[in-house]
Amino acid sequence: MTDSDSIIDLLRSSFTIRHDPWRVEDAVDAMSVFPDNHIAALTRALADEDDELRLLAVEILYAMGKEAEPALPALIRSLNDQDRIVRVASVEPIAAFGNKAIAAIPILEGWLDSGDEFSEVTAAAAIARIDHCRADDVLPVLVDALESDDFGIKCNAAWHLGELGPVAKDSVLALQRLLDDESIRSLASEAIASITGKEL
């Protein structure tokens with residue numbers, strides 16, 4: 001049995017069954033007994049039949065940060081995963097690589113008209129993070145989401161706009177309209193401060 005096989009067996013038997021906040025950190029610690037093949041094992045795990053193992057692999061790769069770059073092509077393939085949770089979870093670790101993840105944009109563009117509001121907002125924000133030149137194209141998706149009837153979607157859009165910073169400057173007026181809503185005022189205020197560089 002190779003180290004890669006052993007890592008996959010370890011993750012499957014001990015960590016896919018856990019759903020506590022520490023499972024990723026504990027899994028990374030447990031993998032450390034195998035000095036090599038972490039990325040190779042996690043890349044293989046992304047193609048496994050087990051939804052929970054694929055999700056765990058995505059989460060671990062995200063926790064690994066820039067070290068996970070060799071797995072980026074496999075992470076991008078995960079945007080087409082059969083499981084929605086795996087697909088959505090893959091976006092953040094991919095977007096964290098910025099322009100290196102440019103190959104993800106055609107897939108994410110396909111999400112923009114999916115009818116899944118959360119996926120549309122997530123994809124729009126990721127496209128803008130990967131390629132800042134596309135920000136003007138996708139900002140309307142995020143701005144429109146600020147008026148969603150779904151409070152979670154509204155908060156998600158406001159948070160993403162804040163994360164985008166100055167490239168989201170055209171969203172400031174829409175965010176300012178949320179300042180009268182006590183339930184989201186703090187998040188909108190933080191987003192405006194991040195975008196403009198000025199505290200309210």
Side-chain angles (χ1 to χ4, degrees), residues 24-25 27-28 31 38-47 54-81 83-114 116-146 152-172 174-175 187-188 190-198:
V24 171
E25 182 179 345
V28 171
M31 288 184 350
H38 293 184
I39 299 297
L42 293 166
T43 299
R44 278 183 53 199
L46 290 174
R54 296 197 309 278
L55 178 60
L56 178 60
V58 168
E59 293 172 342
I60 292 172
L61 288 165
Y62 184 33
M64 293 174 73
K66 299 303 181 185
E67 184 184 345
E69 187 174 344
L72 183 55
L75 277 168
I76 291 172
R77 288 193 294 273
S78 292
L79 293 174
N80 287 318
D81 195 276
D83 185 86
R84 179 182 180 275
I85 296 174
V86 175
R87 291 195 303 271
V88 172
S90 300
V91 175
E92 191 62 26
I94 290 168
F97 284 100
N99 199 254
K100 291 180 180 179
I102 201 78
I105 287 185
I107 302 171
L108 292 167
E109 286 175 332
W111 292 22
L112 295 176
D113 298 312
S114 66
D116 178 339
E117 200 171 10
F118 185 86
S119 294
E120 290 171 358
V121 168
T122 301
I127 290 169
R129 286 178 62 193
I130 293 168
D131 183 359
H132 287 176
C133 293
R134 295 291 309 280
D136 288 344
D137 298 339
V138 296
L139 274 179
V141 176
L142 297 167
V143 171
D144 288 349
L146 294 176
I153 296 293
K154 186 181 295 190
C155 289
N156 191 37
W159 181 82
H160 278 302
L161 288 165
E163 288 294 297
L164 288 174
V167 300
K169 62 184 183 302
D170 290 343
S171 69
V172 170
L175 286 164
L187 187 55
E190 289 172 7
I192 293 168
S194 176
I195 294 165
T196 63
K198 299 175 182 177

Q. Do the side chain of T43 and the main chain of I39 share a donor and acceptor less than 3.5 angstrom apart?
A. yes
Donor-acceptor list for residues 156-166 side chains, cut-off 3.5 Å, not counting sequence neighbours:
residue	atom	partner	partner atom	Å
N156	OD1	H160	NE2	3.3

**Q.** Gap between atom CG of L61 and atom NE2 of H38 - 0.5 Å precision
**A.** 11.5 Å
Q: List the atom of A104, the atom of L79, and the distance in Å for their closest heavy-atom pair.
A: CB-CD1, 3.8 Å
Q) Nearest 0.5 Å, what's the CD1-CD1 distance between I127 and I130? A) 7.5 Å
Q. What are the two closest non-hydrogen atoms of S90 and L75, and how far apart are they?
A. CB-O, 4.1 Å
Q. R129 and E92: salt bridge (charged side-chain N to carboxylate O under 4.0 Å, His left out), yes or no, with the steps?
A. CA-CA 10 Å; R129 286 178 62 193; E92 191 62 26; 2.7 Å; yes
Q) For I195 and S171, what are the C-alpha separation, side-chain angles and deciding distance, and is it a side chain to side chain contact (heavy atoms under 4.5 Å, CB included)? A) CA-CA 9 Å; I195 294 165; S171 69; 3.6 Å; yes
Q) How close do A174 and V143 get, heavy atom to heavy atom, and via which atoms? A) CB-CG1, 3.7 Å
Q: Please report the C-alpha distance between T122 and L108 in whole Å, then the side-chain angles of each, then the deciding distance to 0.1 Å, and finally whether the side chain to side chain contact (heavy atoms under 4.5 Å, CB included) criterion is met.
A: CA-CA 9 Å; T122 301; L108 292 167; over 6 Å; no
Q.
As a quick check of understanding, evaluate side chain to side chain contact (heavy atoms under 4.5 Å, CB included) for V86 and L46, giving each step before the final call.
A. CA-CA 9 Å; V86 175; L46 290 174; 5.8 Å; no
Q: Drop me the distance from I192's CD1 to K169's NZ, to the nearest 0.5 angstrom.
A: 15.5 Å
Q) Roughly how far apart are N99 CG and I102 CD1, rounded to 0.5 Å? A) 4.5 Å
Q | Non-hydrogen atoms of V167 and L139 that approach each other most closely | A | O-CD1, 3.6 Å
Q. What's the verdict on side chain to side chain contact (heavy atoms under 4.5 Å, CB included) for L72 and I76, showing C-alpha distance, side-chain angles and the deciding distance?
A. CA-CA 6 Å; L72 183 55; I76 291 172; 4.1 Å; yes
**Q.** Sidechain N-carboxylate O distance under 4.0 Å for E109, R134
**A.** yes
Q.
Has S78 got a side-chain atom pairing as donor or acceptor with A74's backbone, closer than 3.5 angstrom?
A. yes
Q | Basic-acidic side-chain contact under 4.0 Å: D83, R54 | A | no
Q. Within the distance-only criterion (no hydrogens, no angle test), does the side chain of K66 pair as donor or acceptor with the backbone N or O of A96 below 3.5 angstrom?
A. yes
(Q) Please give me the minimum heavy-atom distance between L42 and M64, naming the atom from each residue. (A) CD1-SD, 3.6 Å
Q: Could you tell me whether the side chain of S114 and the main chain of W111 form a donor-acceptor pair under 3.5 Å?
A: yes
Q | Nearest heavy atoms of R84 and D116, plus distance in Å | A | NE-OD2, 2.6 Å
